[in-house]
2 protein chains.
Amino acid sequence: MKKRILISDIAKALGVSVTTVSFILNDKAKEKRISESLTKRVLDYVKKVGYKPNELAKSLRTGKTKIIGLIIEDISNPFFGNIARLIETKVYEQGYRIIYCSTNNDSEKTKELIGMFNDRQVDGFIITPSEGIEETISNLLQSNVPVVLFDRYLPDVETDYVIADNFQGAFDATVHFNEQGYKRIGLVSLYSDQTQMRDRLDGYMKGMDQFKKQVYIKKIQLDASEAEAIDDLHEFVVDNRLDAVLFATNYLAITGLKSGKKHNYKLPALIAFDDHTVFKLHEPAITVVSQPIEEIADHIINILLLKLQGKAKSIKHLTLPCELKIRESSILKQ
Amino acid sequence: MKKRILISDIAKALGVSVTTVSFILNDKAKEKRISESLTKRVLDYVKKVGYKPNELAKSLRTGKTKIIGLIIEDISNPFFGNIARLIETKVYEQGYRIIYCSTNNDSEKTKELIGMFNDRQVDGFIITPSEGIEETISNLLQSNVPVVLFDRYLPDVETDYVIADNFQGAFDATVHFNEQGYKRIGLVSLYSDQTQMRDRLDGYMKGMDQFKKQVYIKKIQLDASEAEAIDDLHEFVVDNRLDAVLFATNYLAITGLKSGKKHNYKLPALIAFDDHTVFKLHEPAITVVSQPIEEIADHIINILLLKLQGKAKSIKHLTLPCELKIRESSILKQ
DNA sequence: ATGAAAGCGCTAACAC
DNA sequence: GTGTTAGCGCTTTCAT
C-alpha cells in the first residue's frame, strides 16, 4: 500500500510553502515571479517522486472538474459511437475528459443521467435530447451550465445545437429514387416527434410531392420488439408492393434487412440514414445518407469550449449538409 | 443561476446541526437513535428543496467515489460494447457508476488511462489488459485497488480475471470444420501474445492435429491498415486454396468479408470469434464462436463488488465455456 | 439524542 | 517572491 504523496509533503521536503509549490504546479510561477531555480527544483522533485494532485480536492476547491458529460442515445450504434470517439479525442487535447452514458431514448433515464452528471459537477454537457426533457435542459441553462445539443434539438429551448440537414438528406434520397425510376417509394420511420425524424419525414414528403407520387409511410413504435418490427416491415413492403424504401435510421434499415432474411422476400431498393458496416458489406451494398460526422464533432466541441471559457457571444444553431453515398441498393436494374 | 443548497442550509432552516442532518441522510438515524419525527422532518425538507449532496466533497471526505473505471479495448466493437452495457446496468443497482474509455490495444494509452482514472480516485478497475502493462497493474494491486481483468489476462500478474474458454472455442470450431469435411482449413489471427489469441491459436492447432491436417496460419499486424489486411487475406486464402477459415476476432472476420467483396473471389467456409450483426445478416449467415457475455459480466461484477467490500477471500480465475453457433457459412454443401 | 469542530487535499486572497 | 491561512462541502469523532 503505497502512500499517496501530498503537496504538503513536497513543500516540507523542499523547505518551501505549499503556496509556492501550488503556484509552480499551476503554471503561475512566472506570474508570481518565483525564481527559476526554485521552480526547476520543485518541478524536478515533483517528477522524481511522481506526485499526482488529488483531482477531487482540486475540483472541490476550484469548482471545475474538467469533465464533460456526453449523454447520447446509444453508444453501441456506430453513428453515435464514432461521434463519441471523435469528441473524446478532440476534447482530450484541451485537457478535458469525457464521461458518457446511453439513454436509449428513455426520457426518465436521460433526466436521471443529467442529474447524476450534474451531481458529479461536470463542467458542461453534450446531449442528444430525448423527448420531454425540455424542463431538465432549461434548468441546466438557468444554472449557467454550458450545454450543446446534437443530432436533434428541442424547439422550445433556446440553446446551442449542431445537427445535420435531415430534410435535405431525406429529400435528396427521395429524388434519387424517383430519378432512378422507382414507382412505389416508401418511408420507414419511428413514432417520434424528435426533430431529426420530423425533418426526414418532411424531406421525403417534399421529394414525393415534387414528383406527384403517393407516399407510403410506416412508423415503428420506439419500444417495439425487433421481432414485431421485422414482421411489420415485411407486411408494409409486400402489402404496398413497394419497389423502394427509405429508412429513417440505420437500425431501422438493419431491421429491414433482417425482415428480408426472415420472410425470404425480395427486398426493394433501399436507402438508409447513417452509414454502418453492415451496409458496406451487404450484397448489394446499401446506399446511405451519410452525416458529416467529423464536422459535427468539431463544431460541437468548438461551441462547447467557447462556452466553457465564457467566450460564447451568441447562441449557435448549426445545420450541416448530408451526403448521399450512392451504392448498389438504389440503382434500378434494367 | 440557481444557488446550490448545502447541508448547512438545511440544518439552519430546520434549527438542527449539520451532524444530525448528515446522519439522517446517510441512513444512520436508527443507529444514532435520532427521533423518528425529526428524521421525517429532515427527509421531507430535503425532498422539498431538492437537496443533492456535493459528491466531490463527499468523496474527498470518505475516500470513496463509487465510480468504477472500465478500460476496454474498443467500445465500438459490439462484443465489448455489450459487455460494457451489461456491467453498467448491473453495477448501477449497487450504487456504483461506470466511467469508460477505449485503449485500442495501445499500451501507452492504457497506462495513461489507468493513471487518469486513478487520479480521479475510482474505487476499482475492470480492464482488458493490453500487452506490456504488467507493471502498471502490479502498482495498482500494491496500492490495494481492486482490479478485475477480463477477455484476457496477464500470466505474470496475480490478479482476478474472467475469460472465456478460448482454447475450447477454437478447438470446437476446428473440429466442426473437419467433421463437415473441409480439407484446407486456415486460421487468421493477430501478431499478438495476448492470452486470448494464444489460446485460440492453440485450440485450432490441437483441432488440426487431431485430424492430422496441415495448419495454415495468417497473422495480421495489430496496426496494419484495413486495406493492407484486406489484400493479405485475399492472398492467404487464394494462395493456399483454403476451403475454410477460422477468424480469431469478429473484426478480422469482417475484414475477411470485405476482402471477398473487394477482390471478388468466392469466400471459403467461415467461422468468426464473437458474434456481430453483420454475421447474422450476411448471406450466408456466418457461424460464430460466441462468448457467454452475460455470465462474463455477472462474474466480473460479483468479484469486483466482493473486493470493494473487502470480502474477497481468494483470487479468482474464471474460465467460462464458449458456444459454437452453427449457421450457414460452415456447412459443407454437397 | 444532538452538536461542535476537525480535517479530507487543494487553491488563492492576503500578508509580509 | 514567499508564507499563512481560510475555506470548498462533507463525514465523523468526541463531547455533552
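First the proteins, then the strands, lettered A, B, ... as listed; each starts at 1.
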Any protein N or O atoms within reach of nucleotides 2-4 of chain C? Criterion: under 3.5 Å, listing atom names and distances.
residue : atom : partner : partner atom : Å
dT2(C)  : OP2  : S35(B)  : N            : 3.3
dG3(C)  : OP2  : S17(B)  : N            : 2.7
dG3(C)  : OP2  : S17(B)  : OG           : 3.2
dG3(C)  : OP2  : T20(B)  : OG1          : 2.7
dA4(C)  : N7   : T19(B)  : OG1          : 3.3
dA4(C)  : N6   : T19(B)  : OG1          : 2.6

Figure out the CD1/C1' separation between I7(B) and dT12(D), and round it to whole Å.
-> 12 Å
Report yes or no: do S130(A) and T110(A) form a side-chain donor-acceptor pair below 3.5 Å?
-> yes
With D151(B), which residues qualify under side-chain hydrogen bond (donor to acceptor under 3.5 Å, both in side chains), at least two apart?
-> none
Between Y100(B) and Y100(A), does the ring centre distance come in under 6.0 Å?
-> yes
Have a look at K28(B) and say if it touches a base, only the backbone sugar-phosphate, or nothing, with a 4.0 Å heavy-atom cut-off.
-> sugar-phosphate
Donor-acceptor pairs under 3.5 angstrom involving side-chain atoms of residues 15-30 of chain A: please list them, not counting sequence neighbours.
residue : atom : partner : partner atom : Å
S17(A)  : OG   : T19(A)  : N            : 3.3
S17(A)  : OG   : T20(A)  : N            : 3.3
S17(A)  : OG   : T20(A)  : OG1          : 3.1
S22(A)  : OG   : N26(A)  : ND2          : 3.4
N26(A)  : ND2  : S22(A)  : O            : 2.8

Mind calculating the distance between CD1 (I24(A)) and C1' (dA12(C)) to the nearest angstrom?
-> 15 Å
To the nearest angstrom, the CG-P distance between L14(A) and dT2(D) comes to 12 Å
Round to a whole Å and report the spacing from CD of E31(A) to C1' of dG1(D).
-> 13 Å
D193(B): what forms a side-chain contact (heavy atoms from CB on, under 4.5 Å) with it, not counting sequence neighbours?
-> E131(B)
Taking only residues two or more places apart in sequence or in another chain, which ones pass side-chain contact (heavy atoms from CB on, under 4.5 Å) with I163(B)?
-> Y153(B), Y161(B), T319(B)
Contacts of K12(B) that satisfy salt bridge (charged side-chain N to carboxylate O under 4.0 Å, His left out) - sequence neighbours left out = none
Spacing of L25(A) atom CG relative to dT11(C) atom C1', expressed in whole Å | 11 Å
L60(A) atom CG is separated from dA6(D) atom P, nearest whole Å, by 17 Å
How large an angle, rounded to 10°, do the end axes of the helix from dA1(C)-dT16(D) to dC16(C)-dG1(D) enclose when each is built from five base pairs?
-> 50°
Please work out which residues in residues 48-59 of chain B have a non-hydrogen atom less than 4.0 Å from an atom of DNA chain D and list them by number.
-> Y51(B), P53(B), N54(B), A57(B), K58(B)
Atom NZ of K66(B) to atom P of dC10(D): distance rounded to whole Å?
-> 18 Å
Which residues satisfy the salt bridge (charged side-chain N to carboxylate O under 4.0 Å, His left out) test with K111(A), sequence neighbours excluded?
-> E108(A)
Length of the line joining I10(A):CD1 and dG3(D):P, which is rounded to integer Å = 14 Å
Residues that N54(B) engages under side-chain contact (heavy atoms from CB on, under 4.5 Å), provided they are two or more places apart | L60(A), Q121(A), L56(B), A57(B)
Scan the side chains in residues 308-316 of chain B for donor-acceptor partners under 3.5 Å anywhere in the protein, sequence neighbours excluded, and list what turns up.
residue : atom : partner : partner atom : Å
Q309(B) : OE1  : K311(B) : NZ           : 3.2

Within the structure shown, what part of the strands sits under 4.0 Å from S22(B) by heavy-atom distance: base, sugar-phosphate, or nothing?
-> base
For N82(B), which residues count as a side-chain hydrogen bond (donor to acceptor under 3.5 Å, both in side chains) partner, sequence neighbours excluded?
-> none
